[in-house]
Amino acid sequence: MERGNTKQEILEASLELFSVQGFEATSISQIANAVGIRKASLYSHFENKQAILDALVKQVLEQYETHSMFAGANQEKAAGDRPLTPEAVVQMIQEQIRYILHNRSVSRARKMLVMEQYRNPELAKLQTKQNYTGVMEYFTGLMKQLIRQGILTDEDPEIMAAQFCLPISVWINLCDREPEREPEAMELVDRHIRQFFRLYQRPAE
């Protein structure tokens, strides 16, 4: 049991350090000191720093698949086939933003990916998947559903998805840099979504 706890403590300390100073700048000694163990003890859990990073990525992806509305397994659950009102979409998106901003592991992993995307090709691919490809796929599907339900006009769903979700990504990044602006960002998200529905709503027949 103690071994398992120590391994998790190593992962948590590593993620904290990687998200602040980067993977390359973080040493095994720093990780061991943060956990309060000797380097030799750390090596009994992970053979090297890359093994720690690999375990972190695996853990964060598993958490993402379980909790994120953008994960493939959760897309149908999040949207479903029920007609979506602007109020329901506002609530759904704001809940997801709060999860992204306040879940400790997800927040730190996102910051780590931002730092490492220019140095690590594999993490660059993961950053694109997590923060662009997966998000665009989800919202393109959502736009198609809303068009199919007759809620929105029959326009290009991929462009609609970009217009809908990319400003929200900018506000999430703003909150990462300036957490005190979260209420402002949430209010902008609310106004943005409601205006989007007004602009694209299907005229009554």
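Reckoned from all heavy atoms, side chains included, excluding hydrogens, waters and symmetry mates.
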_side-chain hydrogen bond (donor to acceptor under 3.5 Å, both in side chains) against Gln91, all qualifying residues, sequence neighbours excluded_ = Glu95
*Taking only residues two or more places apart in sequence or in another chain, which ones pass ring-ring contact (aromatic ring centres under 6.0 Å, His included) with Phe196?*
Phe164, Tyr200
*Can you run down the side-chain hydrogen bond (donor to acceptor under 3.5 Å, both in side chains) pairs that involve residues 12-24, sequence neighbours left out, and say none if there aren't any?*
Gln8-Glu12, Glu16-Arg108, Gln21-Thr26, Gln21-Gln30
*Identify, with sequence neighbours excluded, every residue that meets side-chain hydrogen bond (donor to acceptor under 3.5 Å, both in side chains) alongside Gln50.*
Asp54
*How about Ile37 and Ile10: do any of their side-chain heavy atoms sit closer than 4.5 Å?*
yes
*What distance separates Leu56 CG from Leu11 CG, expressed to the nearest 0.5 Å?*
5.0 Å
*Give the minimum heavy-atom separation between Ala13 and Val35, together with the two atoms involved.*
CB-CG2, 3.7 Å
*asked:* Using side chain to side chain contact (heavy atoms under 4.5 Å, CB included), reason through Met143 and Glu158 one step at a time and then give a plain yes or no.
replied: CA-CA 8 Å; Met143 293 303 121; Glu158 188 173 11; over 6 Å; no
_Check: Thr153 and Pro203 side chains under 4.5 Å, non-hydrogen atoms_ = yes
_As an exercise, state the distance from OH of Tyr132 to CD of Glu137, rounded to the nearest 0.5 Å._
10.0 Å
*Could you pull out the closest heavy-atom pair between Leu42 and Ala32, with the gap in Å?*
CD1-N, 3.9 Å
*Mark yes or no for whether Asn120, through its side chain, and Glu116, through its backbone, hold a donor-acceptor pair below 3.5 Å.*
no
*Should Leu53 and Met112 be marked as a side chain to side chain contact (heavy atoms under 4.5 Å, CB included) after you check the CA-CA gap, both sets of side-chain angles, and the distance that decides it?*
CA-CA 10 Å; Leu53 180 62; Met112 178 185 71; 3.9 Å; yes
*Side chain proximity check, Ile151 to Arg202, heavy atoms < 4.5 angstrom*: no
_Working for side chain to side chain contact (heavy atoms under 4.5 Å, CB included), residues Val89 and Phe197_ = CA-CA 10 Å; Val89 176; Phe197 272 83; 3.7 Å; yes
_Pairs where residues 30-46 contributes a residue and the test salt bridge (charged side-chain N to carboxylate O under 4.0 Å, His left out) is met, not counting sequence neighbours_ = none
*Just how far is it from atom CE of Met136 to atom OG1 of Thr140, taken to the nearest 0.5 Å?*
4.5 Å
*asked:* For a 4.5 angstrom cut-off between non-hydrogen side-chain atoms, does Phe18 reach Ile52?
replied: yes
_N/O donor-acceptor pair under 3.5 Å between Ser107 side chain and Arg104 backbone_ = no
*Would you say the side chain of Leu123 lies within less than 4.5 Å of the side chain of Phe23, judging by non-hydrogen atoms?*
no
*Approximate separation, where rounding is to 0.5 Å, of Met92 CE and Thr85 OG1*: 9.5 Å
*Does one hydrophobic cluster hold both Ile28 and Val57, with members joined at side-chain heavy-atom distances below 4.5 Å?*
yes
*Do Ile159 and Ile168 share a hydrophobic cluster, counting only Ile, Leu, Val, Met, Phe, Trp and Tyr and linking them when any side-chain heavy atoms are less than 4.5 Å apart?*
no
_Same apolar cluster (I L V M F W Y, side chains within < 4.5 Å links), Ile100/Val60_ = no
*Can you name the residues that form a side-chain contact (heavy atoms from CB on, under 4.5 Å) with Gln117, not counting sequence neighbours?*
Val114, Ala124, Gln127
*asked:* Do Met160 and Asp156 make a side-chain contact, defined as non-hydrogen atoms from C-beta onward lying under 4.5 Å apart?
replied: no
*asked:* Within the structure provided, determine whether Glu155 and Ile147 are in side-chain contact (heavy-atom separation under 4.5 Å).
replied: no
_Which residues pass the side-chain hydrogen bond (donor to acceptor under 3.5 Å, both in side chains) test with Gln201, not counting sequence neighbours?_
none
*Set of side-chain contact (heavy atoms from CB on, under 4.5 Å) partners for Met115, sequence neighbours left out*: Arg119
*side-chain hydrogen bond (donor to acceptor under 3.5 Å, both in side chains) with Lys58: which residues, sequence neighbours excluded?*
Glu62
*Who passes salt bridge (charged side-chain N to carboxylate O under 4.0 Å, His left out) against Lys125, sequence neighbours left out?*
Glu122
_With clusters defined by side-chain heavy atoms of hydrophobic residues (ILVMFWY) lying less than 4.5 Å apart, directly or transitively, does Leu166 cluster with Leu113?_
no
Under 3.5 Å donor-acceptor pairs involving side-chain atoms of residues 169-176, not counting sequence neighbours:
residue	atom	partner	partner atom	Å
Ser169	OG	Cys165	O	3.4
Asn173	ND2	Ser169	O	3.3
Asp176	OD1	Arg110	NH2	2.4
Asp176	OD2	Arg110	NE	3.0
Asp176	OD2	Arg110	NH2	3.1

*Would you say the side-chain atoms of His45 and Glu9 include a donor-acceptor pair closer than 3.5 Å?*
no
_Applying side chain to side chain contact (heavy atoms under 4.5 Å, CB included) to Val189 and Ile97, what does each step give before you reach the verdict?_
CA-CA 10 Å; Val189 167; Ile97 292 172; 3.8 Å; yes
_Within 6.0 Å of NZ in Lys144, more than 12 heavy atoms from elsewhere_ = no
*asked:* In the structure I gave you, are the side-chain heavy atoms of Phe46 and Lys7 within less than 4.5 Å of one another anywhere?
replied: yes
*Gap between atom CD of Gln59 and atom OG of Ser105 - 0.5 Å precision*: 6.0 Å
*Return each pair, listed once, that meets side-chain hydrogen bond (donor to acceptor under 3.5 Å, both in side chains) where at least one residue sits in residues 187-199; pairs must be two or more places apart or across chains.*
Glu87-Arg194, Glu187-Arg191, Asp190-Arg194
